[in-house]
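Structure, as structure tokens:
Note that the numbering runs from 1 along the sequence shown for the chain. This structure is a prediction, so every number in the text was calculated from the model and none was measured.
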Amino acid sequence: MAAKKWLAALFGAAAVYWVYSKYRFSKGITYAISKIGVGGSFLDPKINIDVKVNNPTNVNTEFANLRSELFLASGQKIADVYYNQKINIKANSSVNLPLIAITTLESAIISINELIRTRKAEFRLTGTAQIDGNTLPFDIKYTFDGI
């Protein structure tokens, strides 16, 4: 009976450590959009996004499989964003991820209209990425003061 209690305590401690490590990595890795631009063609518009991923921890981190959506501040979804490569981010360093947001002509027109109407556009990139094998959420806000 005592062995079962010790085994249960061991599994409980492992679960707590797993939750803590997931929380630590989600708080340790930071994201910032450094640039947004328009690319592609008129019929196949694309939004180029450079995201800087910072690893302020003292351990190397593996970043992979980013899945996200790009929204305007109004809540209008304008694009899907994917990144399917593995990148090793060294301790106390950062990398730039060149992302391409796949959008539609209608969404591009909505974004341009917002930029012309308000003289700025606020974007929000929301999704998940795999950090050291754990799928963790992120939420990045960016204001483009273009005009």
Problem set entry | Sole residue of V51, T30, I49 in side-chain contact (heavy atoms from CB on, under 4.5 Å) with I140 | V51

Exercise. Between the side chains of S34 and D50, does any donor sit under 3.5 Å from an acceptor?
Worked result: no

Exercise. Where is the tightest heavy-atom contact between K77 and S107, given as atom of each residue plus distance?
Worked result: O-OG, 3.9 Å

Exercise. Is the shortest heavy-atom distance from the side chain of I100 to the side chain of I47 under 4.5 Å?
Worked result: no

Seminar exercise, completed: Given the options N84, T128, T135, R67 meets side-chain hydrogen bond (donor to acceptor under 3.5 Å, both in side chains) only with N84

Exercise. P45 pairs by side-chain contact (heavy atoms from CB on, under 4.5 Å) with which of I102, I78, T103, T104?
Worked result: T103

Exercise. Passes side chain to side chain contact (heavy atoms under 4.5 Å, CB included), I131 versus F63? Steps please.
Worked result: CA-CA 5 Å; I131 309 290; F63 179 92; 3.3 Å; yes

For this session: Determine the minimum heavy-atom distance between F123 and L72, stating which atoms define it.
Result: CE2-CD2, 3.8 Å

Exercise. Do you know which two heavy atoms are closest between N96 and P98, and how far apart they sit?
Worked result: O-CD, 3.5 Å

Problem set entry | Spacing of Q130 atom CD and K86 atom NZ [to the nearest 0.5 Å] | 8.0 Å

For this session: Drop me the distance from S68's OG to L99's CG, to the nearest 0.5 angstrom.
Result: 6.5 Å

Exercise. E62 versus I87: any side-chain heavy-atom pair under 4.5 Å?
Worked result: no

Problem set entry | Reported OH-to-CG distance for the pair Y31 and L66, which is rounded to 0.5 angstrom | 7.0 Å

Exercise. If you group Ile, Leu, Val, Met, Phe, Trp and Tyr by side-chain heavy-atom gaps below 4.5 Å, do L70 and Y82 land in one group?
Worked result: no

For this session: Could you tell me whether the side chain of E122 reaches within less than 4.5 Å of the side chain of T143, counting heavy atoms only?
Result: yes

Seminar exercise, completed: Result for side-chain hydrogen bond (donor to acceptor under 3.5 Å, both in side chains) between N55 and one of N60, N88, T61 points to T61

